[in-house]
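To keep things clear, I will list the structure first and then write my remarks on it.
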2 protein chains.
Amino acid sequence: MTKGRVTVIDIAKAAGVSKSTVSLVLQGSPLVSEATRSKVNAAMRDLGYVYNRGAANLRQPSAKSKIIGVVVNDLTNSFFAELAVGVDMVVQSAGFVQFLSNTSENIDRQREVIASMREHGISGLIVSPARATEAADFKPLVAAGIPVVVVVRSLPGSKVSSIVSDNAGGTAAAVEHLASLGHTRIAFLGGFPDTAVFEERLAGYVDGMNAAGLGFRQELVVSSAPSRAGGADAIGWAMAMSDRPTAAVCFNDAVAFGACDGLRARHMEPGRDFAVVGFDDVIEAQTAVPALTTISVDPQSMGRRAAQLLLKQINAGKAEPESVTTAVRLVVRESCGAAERKSGRKMA
Amino acid sequence: MTKGRVTVIDIAKAAGVSKSTVSLVLQGSPLVSEATRSKVNAAMRDLGYVYNRGAANLRQPSAKSKIIGVVVNDLTNSFFAELAVGVDMVVQSAGFVQFLSNTSENIDRQREVIASMREHGISGLIVSPARATEAADFKPLVAAGIPVVVVVRSLPGSKVSSIVSDNAGGTAAAVEHLASLGHTRIAFLGGFPDTAVFEERLAGYVDGMNAAGLGFRQELVVSSAPSRAGGADAIGWAMAMSDRPTAAVCFNDAVAFGACDGLRARHMEPGRDFAVVGFDDVIEAQTAVPALTTISVDPQSMGRRAAQLLLKQINAGKAEPESVTTAVRLVVRESCGAAERKSGRKMA
DNA sequence: ATGGTAATTTGGAACGTTCCAATTATTCCT
DNA sequence: AGGAATAATTGGAACGTTCCAAATTACCAT
């Protein structure tokens with residue numbers, strides 16, 4: 001038990017080489033002979049050496065810190081937890097480690113967290129921005145040459161890379177599916193009209209309606225809070241129309257669940273008397289009754305994509321901002337009335 | 001745009017003081033006069049200084065790295081995501097930052113991840129160990145004076161602190177509740193018998209049965225994988241008994257959901273024809289149909305507790321290992337047949 | 001003014017690593 | 001065997017901070 005921790009010098013002494021050689025071994029340089037390499041490795045094992053990245057980072061550009069920061073706006077939401085898992089997968093196998101923080105939608109906390117990450121010398125940042133995040137908030141980062149990838153919520157005029165799901169494509173597919181089931185009066189329910197995500201999903205809906213030859217009618221879109229309660233509200237408005245819709249694509253799954261609640265309150269059974277389609281495919285979507293037909297965005301693969309893009313930029317030194325939109329998939333379950341009845345639930 | 005990053009020396013120059021003084025300001029020392037302090041702060045702001053913790057850690061004991069590591073065995077499980085959120089809360093407000101990694105129950109990955117965290121000089125570690133983790137795995141950490149707090153799963157003979165929920169108390173309460181509803185043949189379903197958590201929950205069940213004067217019968221406990229599929233399996237065995245049980249306390253919520261599936265497959269309605277109680281209170285528990293009666297463990301507060309304990313140990317320099325078990329609460333919903341019918345679902 | 005004390009400030013010398021230029025060992029060719 | 005080339009190794013000198021001991025300044029009571 002020597003007092004201080006064991007350093008590269010200690011193992012150099014033990015292996016009978018110089019500290020420089022040890023350093024070479026540490027970074028797997030091909031310059032060192034096989035013989036010395038194994039001698040050094042043995043010494044490291046014997047003395048219980050642990051690499052001190054802090055010291056190393058002092059000499060190297062921050063791109064080699066092997067830390068990547070991940071900031072999400074709501075880790076409680078399993079969507080983001082899964083996203084983080086996806087990021088962790090690729091990041092970990094690339095020898096990086098993940099700094100994860102949660103902002104709880106609080107922009108001040110977001111600032112603090114990002115500042116803290118900078119102090120620790122992150123090589124790159126993946127962030128799902130809290131509401132009201134400004135494009136300018138990431139200026140200092142990119143100025144310092146730290147790659148940033150924004151996920152889930154795109155940031156208006158910022159010069160950073162972003163990965164968002166194909167919102168328009170998703171709602172368009174939902175409309176197409178409903179139309180193919182014979183529905184002609186299809187509503188768009190829920191969401192706040194002043195957000196980018198709403199605009200995209202609505203645009204997809206409009207495209208879908210036109211593509212199906214049903215045309216777009218403003219009165220069929222009723223906005224509301226993007227929550228369960230909002231959904232119940234929205235369906236109420238829809239049911240009060242003189243010429244009622246028979247189906248709805250909802251802003252997200254929460255709204256869709258709310259719509260189902262509202263339908264039942266009016267003695268209508270979702271999936272039988274009215275078709276509803278959600279967006280996101282949260283876990284509850286498959287276990288709910290009826291199981292929710294929805295647009296699946298697979299947060300985990302989104303996380304992987306984001307991490308891959310980030311790593312690419314880190315390795316490239318300085319990379320051009322790039323925007324990718326990830327594919328999205330309609331998963332048909334029961335709430336749209338087109339279910340394949342109980343098609344084999346798998347079991348160990 | 002000077003080439004390198006701005007250092008403490010740059011701002012010393014700009015503020016007309018020495019680097020030592022700047023350092024003093026950085027650590028909020030009372031030794032520096034108000035006048036110089038603000039001069040220095042101004043310079044920092046002007047030059048866009050960012051503190052380099054790596055360099056600082058070189059001179060300081062690792063307890064001051066302000067990084068705490070969090071390792072969970074399954075971030076996909078919202079239980080652990082919530083736990084991480086709880087940790088993050090207290091850790092963040094103490095000025096620390098959280099390194100979060102996911103082992104996916106893989107012990108090799110766990111080793112890698114912890115090694116990586118050590119390299120980064122974490123001040124402490126909170127870990128929910130992957131299956132088959134040995135007590136010895138944390139020896140090097142504690143030898144190096146790094147506090148470790150084990151959560152959720154206790155580690156047999158290790159000398160580290162731990163925070164686990166009151167497993168025995170939980171199942172005992174579940175049995176008591178079922179007995180009070182008039183059930184006499186109560187099964188214990190699911191879980192692998194070779195885990196500490198299983199033992200504890202089973203022990204509580206046994207205690208509960210004895211306390212209710214029902215006695216313990218080995219044939220009423222049927223183990224299985226702690227998953228939905230396992231639960232369906234287990235209920236199958238239970239239903240095949242000559243003298244069927246009328247209620248079951250399940251190893252966890254997943255098993256309970258599986259049991260419900262199995263019940264329905266046999267044309268029995270959980271909550272009406274058979275009482276089911278789960279354990280964990282995952283989010284789906286309240287939205288499922290029927291809503292699941294279960295033992296709530298509040299992962300978030302568990303995370304907070306763990307973080308507080310860890311911080312205490314970090315500040316104390318070297319602290320005695322301490323084990324706390326967190327209280328647990330029976331939340332009665334519909335699946336046990338004792339529901340308060342639809343007692344006001346809150347909305348907006 | 002003068003000494004004494006308290007309040008501030010300040011140069012190095014670490015910390016553990018990587019990089020560079022330079023050195024030494026080894027191999028190959030004629 | 002001699003030298004050129006190549007392969008391995010190696011001493012510093014950084015990196016940006018904190019700490020220590022020492023130096024300076026300010027303040028007071030004589």
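Lettering follows sequence order; numbering is per chain, from 1.
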>> Rounded to the nearest 0.5 Å, what separates atom OG in B:Ser165 from atom CZ in B:Arg153?
In response: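 B:Ser165 OG to B:Arg153 CZ: 12.0 Å, rounded to 0.5 Å.
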What heavy-atom pair brings [X] and [Y] nearest, and what distance separates the two atoms?
X: B:Gly303; Y: B:Val87; answer: O-CG2, 3.4 Å
X: B:Asn57; Y: B:Lys64; answer: ND2-O, 4.0 Å
X: B:Thr133; Y: B:Leu155; answer: O-CD1, 3.7 Å

[N] [atom2] sits how many Å from [X] [atom1], rounded?
X: A:Lys39; N: D:dT9; atom1: NZ; atom2: C1'; value: 11 Å
X: A:Leu31; N: C:dA25; atom1: CG; atom2: P; value: 18 Å
X: B:Leu24; N: C:dT8; atom1: CG; atom2: P; value: 11 Å
X: B:Glu34; N: C:dT8; atom1: CD; atom2: C1'; value: 13 Å
X: A:Ile11; N: C:dT18; atom1: CD1; atom2: P; value: 11 Å
X: B:Ile9; N: D:dT17; atom1: CD1; atom2: P; value: 8 Å
X: A:Asp10; N: C:dG16; atom1: CG; atom2: C1'; value: 10 Å
X: A:Leu58; N: D:dG16; atom1: CG; atom2: P; value: 7 Å

> Between A:Phe99 and B:Phe99, how do the two ring planes meet: parallel, tilted or perpendicular, split at 30° and 60°?
Replying inline: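 Geometry flag for B:Phe99 against A:Phe99: parallel rings.
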Is the shortest side-chain N/O distance from [X] to OP1 or OP2 of [N] below 4.0 Å?
X: B:Ser23; N: D:dC19; result: no
X: A:Thr7; N: C:dT17; result: yes
X: B:Thr21; N: C:dT10; result: yes

>> Five pairs per end, C1' atoms only: what is the angle between the end axes of the helix from C:dA1-D:dT30 to C:dT30-D:dA1, to 10 degrees?
In response: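 What I find for the helix from C:dA1-D:dT30 to C:dT30-D:dA1 is an axis angle of 40°.
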> Hey, does B:Asn41 have a side-chain heavy atom less than 4.5 Å from the side chain of B:Val25?
Replying inline: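 Yes, close enough: below the 4.5 Å cut-off.
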Give every pair of a protein N or O atom and an N or O atom of nucleotides 11-14 of chain D that lie under 3.5 Å apart, one pair per line with the distance.
{"residue": "D:dG11", "atom": "N7", "partner": "A:Ser20", "partner atom": "OG", "Å": "2.9"}
{"residue": "D:dG11", "atom": "O6", "partner": "A:Ser20", "partner atom": "OG", "Å": "2.8"}
{"residue": "D:dG12", "atom": "N7", "partner": "A:Lys19", "partner atom": "NZ", "Å": "2.9"}
{"residue": "D:dG12", "atom": "O6", "partner": "A:Lys19", "partner atom": "NZ", "Å": "2.9"}
{"residue": "D:dA14", "atom": "N3", "partner": "A:Arg59", "partner atom": "NE", "Å": "3.3"}
{"residue": "D:dA14", "atom": "N3", "partner": "A:Arg59", "partner atom": "NH1", "Å": "3.2"}

Checking contacts here: which listed nucleotide ([options]) is nearest the side-chain heavy atoms of [X]?
X: B:Gln27; options: D:dT9, D:dT18, C:dT9; answer: D:dT18
X: B:Tyr51; options: C:dT10, C:dC15, D:dT18; answer: D:dT18
X: A:Thr36; options: C:dT17, D:dT17, D:dT9; answer: D:dT9
X: B:Ala55; options: D:dA8, C:dC19, D:dT17; answer: D:dT17
X: A:Ala56; options: C:dT18, D:dT17, C:dT10; answer: C:dT18
X: A:Arg5; options: C:dT10, D:dT10, C:dG16; answer: C:dG16

>> With a sphere of 6.0 Å drawn around CZ of A:Arg304, does it hold more than 12 non-hydrogen atoms of other residues, nucleotides or ligands?
In response: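 Yes, because the 6.0 Å sphere around CZ of A:Arg304 holds more than 12 heavy atoms from other groups.
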> So among A:Glu320, A:Glu322, A:Lys312, A:Gln313, which one has a side chain to side chain donor-acceptor pair (under 3.5 Å) with A:Ser161?
Replying inline: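 Only one of A:Glu320, A:Glu322, A:Lys312, A:Gln313 forms a side chain to side chain donor-acceptor pair (under 3.5 Å) with A:Ser161, namely A:Gln313.
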>> Considering only residues two or more places apart or on different chains, which pairs with a residue in residues 84-94 of chain A satisfy salt bridge (Lys or Arg N to Asp or Glu O under 4.0 Å)?
In response: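 Passing the test, one end in residues 84-94 of chain A: no pairs.
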> What residue among A:Val50, A:Leu26, A:Val6 forms side-chain contact (heavy atoms from CB on, under 4.5 Å) with A:Met44?
Replying inline: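 The passing option is A:Leu26.
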> Between B:Gly54 and A:Ser33, which has a closest nucleotide on DNA chain D that is more 5'?
Replying inline: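 Between the two, 5'-proximity favours A:Ser33.
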